[in-house]
Structures are given as structure tokens and as C-alpha cells.
Amino acid sequence: PDLVVPNLDLFIVGINPGRHAALAGHHFAGPVNHFWKCLYKSGLTRKTHTCFDDEFFPSWYKIGITNLVLKPTNDASEISKEDWKSGAEHFLLRCMRNPPKVIAFNGISSFRAFARHALGKSLSSKVPIGVQNILIPNLPMTKLFVLPSTSPLARIPIEQKISYFKSLRKYIKSLSP
């Protein structure tokens with residue numbers, strides 16, 4: 001499900017639904033994906049959840065979950081340039097309707113595609129993890145944050161991924177009055 005609704009503190013944006021997510025009909029359903037563990041260990045959630053809890057996140061935690069590209073694939077390399085472009089443009093429209101405090105991209109490739117296709121920004125080869133200094137036109141209060149991919153294929157130890165999720169939690173708290 002697309003869990004972009006009004007009045008959220010955080011949208012978490014994946015690349016696209018993988019094979020497991022498409023079959024389950026829920027986000028980050030891969031059995032070895034680090035997403036749910038990172039959320040819990042960082043303090044963004046009160047317990048370790050599974051993909052079957054994703055639809056409750058807006059009401060439980062003010063967190064929405066979606067993907068930049070809604071088309072399922074077995075591998076992100078199967079996403080075409082047109083898929084990236086239309087996904088980024090469509091996501092921007094959803095953000096305009098329901099702006100969150102923070103949009104966190106789960107993976108640099110989804111952020112890079114969003115910046116290029118929705119905001120017209122070409123990024124340098126090195127995108128830093130963390131808060132980004134790019135603003136979305138007409139949404140100056142919405143901040144952008146990049147996380148490393150929670151896929152186990154990303155060559156970053158889970159402990160380091162959790163530390164970035166902790167930084168995200170602290171950043172969101174710093175924006176609250």
C-alpha cells in the first residue's frame with residue numbers, strides 16, 4: 001500500500017517493491033531486509049515490527065512508507081529511466097498534497113532519481129548520507145534526508161545503518177517545537 005497521508009512527521013521512500021514486497025502486498029517484506037530492525041533499534045518505533053504492520057505506521061508513529069517507483073521488479077536494475085522519471089514526478093505530486101516534516105530516502109539511488117527528475121538537480125557522484133541541503137519548491141518546510149539502503153546487498157554493516165536511522169530520529173526531534 002501507498003502510505004502517504006496528511007500530517008506525518010516522516011515519509012520513508014524505498015526504491016520500488018521487490019519480489020517479496022509485491023507478493024506480500026506490504027513494504028520491505030524481504031525476510032533479510034534490515035528495515036524493520038533499523039527502525040526499532042534507532043528508536044523510531046517502540047518494537048520490532050514486520051511488513052504486515054506497515055499500514056498502521058501513519059497512526060502509530062506518524063510515519064508513512066512508499067516507494068519512488070511503484071512498479072515491482074526482481075532487481076532495481078530493471079527500473080527504466082522512464083520508470084524513474086514518472087515515479088519521481090508522481091511522488092513529488094503526492095508530497096505537495098500531503099507534505100511531511102521529513103522525507104527520508106532509503107537508498108541513495110532513489111534520492112538521486114528524485115532530485116534529477118522531480119527537482120531538476122544533477123548531483124555530484126558522492127551523495128552524503130544524512131540531511132540534504134536541497135529544498136523542494138513550494139515545500140520549504142519539508143526536509144530531505146538520505147539513508148543507506150537497508151537491503152543486505154548494501155555493503156554497510158547493520159550497526160552503521162542503525163546509527164544513520166538514529167541520526168534521522170534525532171533530526172526529526174530537533175524539528176519539533
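Since the structure is predicted, the reported quantities are computational estimates derived from the model, not experimental observations. Sequential numbering from 1 along the given sequence is applied to the chain's residues.
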Shortest non-hydrogen contact from [X] toward [Y]:
X	Y	answer
P140	L135	O-CD2, 3.9 Å
P6	N98	CG-OD1, 3.1 Å
W36	C51	CZ2-CA, 3.4 Å

Check: [Y] and [X] side chains under 4.5 Å, non-hydrogen atoms:
X	Y	value
I79	L68	no
I134	F111	yes
L92	F114	yes
F145	S167	yes
I12	L39	yes

Handout entry: Main-chain N/O of G130 paired to Q132 side chain as donor or acceptor, under 3.5 Å
Key = yes
Handout entry: Any donor-acceptor pair under 3.5 Å from K143 side chain to I172 backbone
Key = no
Practice task
Quick one: list whatever passes side chain to side chain contact (heavy atoms under 4.5 Å, CB included) with T142, sequence neighbours left out.
Solution key: P99, P100, I103, I136, L139
Please determine whether residues [X] and [Y] belong to a single hydrophobic cluster, defined as Ile, Leu, Val, Met, Phe, Trp and Tyr linked transitively by side-chain heavy-atom distances below 4.5 Å.
X	Y	result
V146	I162	no
I156	L153	no
L8	M96	yes

Handout entry: Ring centroid separation Y61 to H49 under 6.0 Å
Key = yes
Handout entry: Aromatic ring pairing F57/W60, orientation class (parallel under 30°, perpendicular over 60°, tilted between)
Key = tilted
Practice task
Return yes if a side-chain donor-acceptor contact under 3.5 Å exists between K37 and T150, otherwise no.
Solution key: no
